[in-house]
There are 2 protein chains.
Amino acid sequence: MIEFLSVTKALSDESRARLLMALAGGELCVCQLVELVGLAPSTVSKHMLILKQARLVEGRKCGRWIFYRLAKRNVPQISLSAQKWIGKSLRDDPTILRDRSRRAKILELDAEELCRKQSRRTVRKLPSTTGERPRQSDSLN
Amino acid sequence: MIEFLSVTKALSDESRARLLMALAGGELCVCQLVELVGLAPSTVSKHMLILKQARLVEGRKCGRWIFYRLAKRNVPQISLSAQKWIGKSLRDDPTILRDRSRRAKILELDAEELCRKQSRRTVRKLPSTTGERPRQSDSLN
DNA sequence: CTATTATTCCGTTATATGGCGAAATATAAA
DNA sequence: TTTATATTTCGCCATATAACGGAATAATAG
């Protein structure tokens, strides 16, 4: 019951639903999520903690960045089924569709920024673009 | 999105989850639900309104009683899938299992005794168990 | 080392929510 | 009619929550 309520409470906020759906397209770092929903970083951070505690997302630390993505490993059944349910329920939601195109634009902006920084060399500086670029499209539907 | 949040908010409270799961076994009137969760009638009534607005349950008026049951007709897809999801998720939950046996005992009780227990006032006769007795077992799994 | 940057943690504030009891409503019985 | 009663609505209170700004933390840059 506690797990169930943790999940439903996590899902019962519009910002968190949008954040979760954004990750369905692939992992994003906090600053990208902040850009997407237009809330203060501290607010987004707290939302991500709630989603993480519900085992709906997981974080991957990479240098100064933390990339969040849909939880995949060692995930309780209830969180998995919740991921599927919200994915199916909000797939065609207007707000989510709008976020999806905003998300694409954010990724473009970030790509330019990352490339500019990368011209200064060093692999460590750019964790995501060098080596493995964060996978997109994580499925949630 | 509004519908989605209406449903998830409705599901994100333990009392409401218990009330909804209780109806999976068949319709119940408010006084029976009050007995089950041990909250004030006004509180249960408010919970049922929230569940009704989420289109998860529907009410059937029968004399002075109102029987609630899982919503079945003209129900939005999201509410239907939510019914299935919560049913699957909480089917074996300890609290829900305990409620299930409590529910059975409540059904055994005479309606007269049950209502007297709640009103705590004068002993009274009861408006008959005449007519139709509510159907049991509504499925939610 | 210090400075900068991304994120999280802390404290505060405004609003939302869950709970109750009393009053209102609607229906059945006397 | 009047009385009884099952349920809802209203008013209130205590707690929970979402939002922010700023301090603290962690990692890189100079």
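Chain identifiers are assigned alphabetically (A, B, ...) following the order of the sequence lines, protein sequences preceding nucleic acid strands; residue numbering begins at 1 within each chain.
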Nearest to side-chain heavy atoms of A:Cys29, which nucleotide of C:dT7, C:dA28, C:dG19: C:dT7
Closest to the A:Lys9 side chain, choosing from D:dA26, D:dT7, D:dT17: D:dT17
Pairing of B:Glu58 and B:Lys72 as salt bridge, 4.0 angstrom limit: no
Proximity to the side chain of A:Asp13 - top-ranked nucleotide from D:dA19, C:dT8, C:dG18: D:dA19
Euclidean distance, B:Trp85 CH2 relative to A:Ile78 CD1, rounded to 0.5 Å: 5.5 Å
Interatomic distance where CD1 belongs to A:Ile66 and C1' belongs to C:dC9 [whole Å]: 13 Å
Distance in angstrom units between A:Glu14 CD and C:dA16 C1', rounded: 15 Å
Under 4.0 angstrom between B:Ser12 side-chain N/O and D:dT17 OP1 or OP2: no
Whole-Å distance separating the NZ atom of B:Lys61 from the P atom of D:dA6: 14 Å
Less than 3.5 Å apart, which donor and acceptor atoms pair up between the side chains of residues 35-43 of chain A and the rest of the protein, not counting sequence neighbours?
none

Residues touching DNA chain D, which here means a heavy atom under 4.0 Å, drawn from residues 37-49 of chain A: A:Leu39, A:Ala40, A:Ser42, A:Thr43, A:Lys46, A:His47
C:dA6 phosphate, OP1 or OP2, under 4.0 Å from A:Tyr68 side-chain N/O: no
Hey, can you pull the donor-acceptor pairs under 3.5 Å for the side chains in residues 1-14 of chain A, sequence neighbours left out?
residue: A:Thr8; atom: OG1; partner: A:Phe4; partner atom: O; Å: 3.1
residue: A:Thr8; atom: OG1; partner: A:Leu5; partner atom: O; Å: 3.2
residue: A:Lys9; atom: NZ; partner: B:Ser12; partner atom: O; Å: 3.2
residue: A:Ser12; atom: OG; partner: A:Thr8; partner atom: O; Å: 3.4
residue: A:Ser12; atom: OG; partner: A:Lys9; partner atom: O; Å: 3.0
residue: A:Asp13; atom: OD2; partner: A:Ser15; partner atom: N; Å: 3.0
residue: A:Asp13; atom: OD2; partner: A:Arg16; partner atom: N; Å: 3.1

Of the listed nucleotides C:dT8, C:dT5, D:dT7, the one nearest the side chain of A:Arg64: C:dT5
Interatomic distance, B:Leu28 CG vs D:dA6 P [rounded to whole Å]: 16 Å
Value in whole Å for how far the P atom of C:dA6 lies from CG of A:Leu33: 14 Å
Atom-pair distance (CD on B:Gln53; C1' on C:dT17), nearest Å: 14 Å
Distance, nearest 0.5 Å, that separates CE of B:Met21 from OG of B:Ser89: 8.5 Å
Check: B:Met48 and B:Val57 side chains under 4.5 Å, non-hydrogen atoms: yes
Interatomic distance where CZ belongs to A:Arg60 and C1' belongs to C:dA6 [whole Å]: 15 Å
Euclidean distance, atom CH2 of residue A:Trp65 to atom P of C:dT8 [Å, nearest integer]: 14 Å
Trace of the side-chain contact (heavy atoms from CB on, under 4.5 Å) decision for B:Arg103 with B:Ile106: CA-CA 5 Å; B:Arg103 181 190 194 280; B:Ile106 288 170; 5.6 Å; no
